[in-house]
Each structure stands twice: as C-alpha cells, then as structure tokens.
Amino acid sequence: MSTVITMPQLGLTEESAVIGEWLVKEGDAVKVGAPLFSVENGKATLEVESEAEGTVLAIFASEGDDVPIKAPVCVIGQPGESFERPEAAAAAPAAAPAAEAAPAAAPAVTAAPAPVKDNEGFASPRAKAAAERAGVDWHDAAPTGAEGRVIERDIAELVKNGKKVMTAKAVEVAEEPEFEVVKNSGIRKVIAKNMHDSLSEMAQLSFTAYFDATALFAYREMVKANREKLGYPNISINDMILFALSRTVLDYPIFNAHFSDKETKLFKRVHLGVATDTERGLMVPTLKNADLKSLNMISREAKALSAACRDNTITPDRLTGGTVTVTNLGNNNISSFTPVINPPQTCIVGVGSPEWRVRPNKDGEMEMYRAMAICLTIDHRAVDGAPAAQFLNDFCRRLENFTLLLAE
C-alpha cells in the first residue's frame, strides 16, 4: 500500500515550509530513513526522511514551493501501484482534455497522432527543466515514470537518441535572456520581513565610537603563541568583543532587554545573538548564558554555532531567544556601518575593521595606533541618547583594558 509523505511541522508556530532541494527523483528506490528532500522554514534547513520503503511514485511539489504543513509532498509505493493524486497536483494534468480536443477543432491537422500528446502537462519539474536546457520537446519523450509521467531520465534518453526538435520556439528559448528569475528562499523572505518590520516599527538611532584596539591584538598574539601548550582555541578579536559585551550589558540592563508597546523585559542573563553570514542568508544563532562563560568557552561555542549555520545543521531552538546581538563586518574591510536591530531587542552592536588612526601622544607628538569602530544602534523608544553614549563609552573602555576585564 502506497505511503503519502507530507510536509512536517518544524516548529510550533510554522504554517508552511519551503522545499529546498529534492534529493530523490521519481522512479528512485528508497529505504526507511533515506533523505527525500530538504525544507526551509526561514530559520534552518532540515532533511526530511522517508517513512516507508519502496519507489518514489510521484512528486507533488517543486523546489522553491511554499507548502502548507501536513500537505502531500510525494508518494512512495510499489511500481505500478495506484494512488490518489492531491487536488493541487492534479490541476495541471486536468488541462489535458483541452489539449486533446485541439485536433477536433482543426481537422486539417491530422499528421500529429493523439498519443504523442497523451502526456500533455504530465512531466516532472526536473524533466521540463532538462528539456528546456537541451532544446527538446518533452512531449516527444517516452514516459517511464509513474502513471505515464515523463521524468528526467526520459529526457536524457530522448537527447541520447538525437530527437531534438529545434523549432523556432526552441531557438527563441535558447537566446540569452536579459535577466534571470530567482525564486526567493524561505529564509530570504523571513529576513526581508524582519528587516522591514524593524525599520518601520522602531525609532532607530545609531552611534559610532572608535577605541584603541592595541590591548586586544596584543592579547590575541599572546594566546596564539601559547594556545597549543595551554589547549586554548584560536581566540579571535570577535570572541573578545563577545566576552566584553556579555559583561558590560550587565551594568546596563536596558541594553539586554526586549521592548514592546506594553512592557520592557530586562533579562538577568545575557543571551548573545551572533550574526552569521551563510550562503542561504543572514542567520543569528544564540549563545546562551554568555555572562556565565569564560572567554575560552565563548570562543568554542561561537565557532560551533557559526559552523552549524553554514552547514545547515543548526536547530530552530538555537536561533531564538537572543537578548542582544553582535554583527561583525571587520573581515570585509568595512570601517563603520549602521546595523539594524533584531526585534524585539533594544539594540545591536556592530564591529568594524581595524584601521590605523593618528592621535597626539603625551609629548604632544602625533602617533599611529590601531583603532576599531563600535557601531551601536538603539531603539529610541526604549533608550535615550545619553545612556546609549554612556554604554558605548564604557564598552570601549573595557575593550581598551581587556586584560583587566578578564580579572573582574
């Protein structure tokens, strides 16, 4: 008996998820636990495994489709086994009778036998895409898929036999288009909504201050020289900034808070959001209870969270609950910028790249020093300008005296 695979619910509040990539095609044999497809819910990408053993008889959704939770996605059974096609998936084949009726409306066209068009509208998305790339008419392919569907291997066989239909229409399709249409992924839609909501609903105000980063770089070099002997990870400048922020916001509770029209939640523990750039888009995993962790622990966990985001193994629960966020563009040669707050947090801290600046020394002579910019954006509904300036100055002071901060 065939088994219908439905879209799983990845979170308590999710109503749909996006098909990321199909890992099987129609006609493939699968076992229980074999990965069928990946899904995006805006927070993470997860693989959905097969609940049954058999053959993939039909696929009802294409890559990039936003599918409701519990809606049919594919069906697995034995070759030739009958199954019910969901209404949405059956909509395309239902147009076939109209196509078959065409010869009756134009009796003069008798050369094209009806069987050639029996599979009108009944081809897998991959088959149609392969046919378009090869410049062939997929209607000419001999279907080997379930219920007479043309699948990708049928197109490959058609091309192998040299049956290309290079009609005027095919030539037009082969011409270089002016643009490429790329369907927005689920995570891109979520990022777009969050950024729009953030800027449209908050009164955002930004501050920038430069600090002397000499102490940070000196400490980093010391750790690098001794890390193998001490068993330390490769502690980065960003790790030290995360550590310093986790201590500083404890003295300024409004910067470790969630704000809404009705109330402000001041958190007793610091849950750092660490903005991470991935191929799928911006993700912000949460380093929880950072104020209770050593620099060594923060360094290891921050790297593990970023790696999990980039290889798509991060779980949805690690992408929520942040109380204050850090975003670092220092590796991209950006000296300063205006970061956008991750609601409902009250601020976000941006980090710029190191640069050499000039200042007078104690003898009145000009000297060069290594500086970095801290860019603070606040929600002016929750925070006033003067406290923001005080917080930023104190944060910079602690970074300039990092070794003393370690002793606190």
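Nothing fancy with the numbering, it's 1 onward along the sequence.
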Measure the acute angle between the ring planes of F60 and F83, then classify it against the limits of 30° and 60° as parallel, tilted or perpendicular.
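Correct class here is tilted.
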
Ring-plane angle category for F255 and Y252, please: parallel below 30°, perpendicular beyond 60°, tilted otherwise.
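Because their plane-to-plane angle is over 60°, the rings of F255 and Y252 count as perpendicular.
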
May I ask you to test the [X]-[Y] pair for a side-chain heavy-atom distance under 4.5 Å?
X	Y	value
S260	P344	no
V326	L242	yes
L329	V351	no
E47	F37	no
T3	V75	no

Using a 3.5 Å distance criterion without hydrogens, assess whether the side chain of [X] forms a donor-acceptor pair with backbone atoms of [Y].
X	Y	result
T346	I254	yes
H196	I191	no
T286	K288	no
N361	D363	yes
Q204	T377	no
E400	D212	yes
D384	H380	no
S62	D65	no
N256	F267	yes
Q390	P387	no

Before giving the answer on side-chain hydrogen bond (donor to acceptor under 3.5 Å, both in side chains), spell out for T325 and Q345 the whole-Å C-alpha distance, their side-chain angles and the decisive distance to 0.1 Å.
CA-CA 8 Å; T325 294; Q345 295 171 23; 2.8 Å; yes

Strictly by modelled atom types, are S236 and N238 linked by a side-chain donor-acceptor pair under 3.5 Å?
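Absent: no donor and acceptor within the cut-off.
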
Are [X] and [Y] within salt-bridge range, i.e. N to O under 4.0 Å?
X	Y	value
D239	R220	no
R247	D291	no
R318	E301	yes
R310	E279	no
E355	R357	yes

One pair to check against side chain to side chain contact (heavy atoms under 4.5 Å, CB included): L295 and Y219. What are the steps and the verdict?
CA-CA 12 Å; L295 174 60; Y219 184 80; 3.7 Å; yes

May I ask you to check whether over 12 heavy atoms, not counting those of [X], lie within 6.0 Å of atom [atom1]?
X	atom1	value
K303	NZ	yes
N333	CG	no
E84	CD	no
N393	CG	yes

Looking at F259, is R381 sitting on its ring face, NZ or CZ under 6.0 Å from the six-membered ring centre and within 45 degrees of the normal?
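Verdict for F259: no cation-pi partner in R381.
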
May I ask you to check if R370 and F217 form a cation-pi contact, with NZ or CZ under 6.0 angstrom from the six-membered ring centre and within 45° of the axis?
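Here R370 passes the 6.0 Å and 45° test against F217.
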
Between [atom1] of [X] and [atom2] of [Y], what distance do you get to the nearest 0.5 Å?
X	Y	atom1	atom2	result
L36	I19	CG	CD1	10.0 Å
L245	L399	CG	CG	8.5 Å
I155	R133	CD1	CZ	10.0 Å

One pair to check against side chain to side chain contact (heavy atoms under 4.5 Å, CB included): W22 and V73. What are the steps and the verdict?
CA-CA 11 Å; W22 276 103; V73 178; 3.4 Å; yes

Step by step, would you call I314 with L305 a side chain to side chain contact (heavy atoms under 4.5 Å, CB included)?
CA-CA 7 Å; I314 193 77; L305 288 171; 4.1 Å; yes

Given side chain to side chain contact (heavy atoms under 4.5 Å, CB included), test V324 with I348 step by step and report yes or no.
CA-CA 6 Å; V324 59; I348 183 170; over 6 Å; no

